[in-house]
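Beneath this line is the structure, given in structure tokens, with notes to follow.
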Amino acid sequence: KLNSLKKIAEEMGDDGGFGELTATSSDEDVLKVSSNGLASEGNFDIEVQKTAKASKVMSNAFADSTTAGLAGTGTLDITVDGTTTSINVDGTMALGDIRAVINASDAEVNASIINENGNARLLITGKKTGLANAVTFAESGTLALNLSDPANELGAADDARIVLDGVLTIDSEDNSLGGVIEGVTLDLRKADPGTQINVNLTRDNDGQAERFQDFIGAYNDVLSFIDVKTRARSSNSEENSADRRLLVNDSTMRSVESTLRNILQNTIPGSSNFPTASTIGIMTDSANGLLTLHRTVFDDALERDFSGVL
């Protein structure tokens, strides 16, 4: 029970996961949003003009992917973001073998075979999106893949572009934008030019109350356990076992109980707005020492100083 209480308390003390705002998007098919502890309340309109894309290119068509030498011989140079990887193709290699060598190389691409009306083509797709990661090709010898032929380009690399509040135009090589709004990640799902997607960042009072309730429940479990195990006499025969009686005068149990009670009763250091737990709605029952959350006081405290409560 102490371990459960300790775990919950540690999670509450983790600024990265506790006290987050609720981030919502008016159309998650276009734009999904999430926030962390650095986000502030706010409301934004975002237009997703285009999403980031990776290069996608196919080769000329060949009779199949298993016959050696159909694509010719020579060197295939694949360049991504200034880095060139050279693939040596000899007469023993079929289209499927070329695919395997490309995938085993350090080139920032994925290669696959597509079959079309009885013919086979090599399909190469960039691993990363964005203009800076556009893939280019150079072929030497008798290689006849023709990956540089514009007619074989299925999709060009491109950056994402959003417009924030109708004023700020922001480009990104990735569809996950983590620095446009501090503490918020924007995940672009698809382009919808001309449409304003509303992003709203609000305090999650219910979520914070639920976390405090979890802490209070774990705290009360510990105190109830100590009370049962150290009580001089109980009406419950199971509680009057020899194991229970051994703990009646146990100093460690009493010390734990005293420490926990003092933590909640003492003044909170460095907190001027909320000097005690009761000022944020954590109330102690004078009869049994158990805690309850006074939701009205808690919500009022969040309204006054959201980060101060957390």
Side-chain angles (χ1 to χ4, degrees), residues 1-25 32-44 178-179 181-185 198-231 250-310:
K1 294 184 183 296
L2 273 175
N3 284 336
S4 295
L5 177 61
K6 180 175 180 288
K7 181 180 178 181
I8 292 172
E10 288 174 345
E11 290 174 351
M12 293 176 71
D14 179 7
D15 291 337
F18 185 66
E20 295 179 2
L21 299 179
T22 296
T24 58
S25 165
K32 288 198 70 173
V33 294
S34 57
S35 69
N36 61 30
L38 297 177
S40 300
E41 286 185 274
N43 191 279
F44 307 89
I181 303 170
E182 185 179 27
V184 176
T185 299
N198 183 254
V199 172
N200 194 29
L201 303 172
T202 56
R203 292 193 304 262
D204 183 11
N205 287 10
D206 289 339
Q208 309 316 321
E210 183 177 344
R211 291 177 174 91
F212 273 85
Q213 289 284 16
D214 288 342
F215 171 80
I216 287 171
Y219 177 95
N220 288 345
D221 282 348
V222 173
L223 287 194
S224 297
F225 176 83
I226 292 174
D227 178 63
V228 168
K229 295 300 182 181
T230 59
R231 194 182 304 154
D250 186 87
S251 60
T252 300
M253 296 284 277
R254 291 301 183 188
S255 176
V256 170
E257 179 183 32
S258 177
T259 299
L260 289 177
R261 292 185 189 278
N262 288 337
I263 289 173
L264 271 298
Q265 293 172 0
N266 290 343
T267 299
I268 301 172
S271 177
S272 57
N273 288 335
F274 310 110
T276 62
S278 62
T279 58
I280 63 171
I282 299 178
M283 306 302 185
T284 303
D285 189 317
S286 58
N288 55 28
L290 300 182
L291 303 179
T292 57
L293 182 66
H294 194 298
R295 187 59 193 268
T296 300
V297 175
F298 182 75
D299 286 346
D300 287 345
L302 289 177
E303 187 67 28
R304 288 172 53 201
D305 184 2
F306 185 75
S307 60
V309 171
L310 306 177

- Message: Using modelled atom types and a 3.5 Å cut-off, is there a donor and acceptor pairing between side-chain atoms of Asn200 and backbone atoms of Thr24?
- Response: no
- Query: Considering all heavy atoms of both residues, which atom of Thr279 and which atom of Ala301 are nearest to each other, and what is their separation?
  - Reply: O-CB, 4.1 Å
- Query: Ser286: what forms a side-chain contact (heavy atoms from CB on, under 4.5 Å) with it, not counting sequence neighbours?
  - Reply: none
- Closest contact, heavy atoms only, Ala23 versus Leu201: CB-CD2, 3.4 Å
- Here the salt bridge (charged side-chain N to carboxylate O under 4.0 Å, His left out) pairs for residues 284-297, sequence neighbours left out, are Asp206-Arg295, Arg295-Asp299
- Task: Could you tell me whether Glu41 atom CD has more than 12 heavy atoms of other residues or ligands within 6.0 Å of it?
- Result: yes
- Query: Listed by chain and number, what are the side-chain contact (heavy atoms from CB on, under 4.5 Å) partners of Ser278, not counting sequence neighbours?
  - Reply: Thr276, Met283
- Query: When rounded to the nearest 0.5 angstrom, what distance separates CD1 in Ile216 from OG1 in Thr284?
  - Reply: 9.0 Å
- Message: For Phe44, run the side chain to side chain contact (heavy atoms under 4.5 Å, CB included) check against Ile181, Asn198, Val184 and tell me which one passes.
- Response: Ile181
- Item | Gap between atom CG of Leu291 and atom OH of Tyr219 - 0.5 Å precision | 5.0 Å
- Supply the atom-to-atom distance Phe212 CZ to Ile280 CD1, rounded to the nearest 0.5 angstrom. 4.5 Å
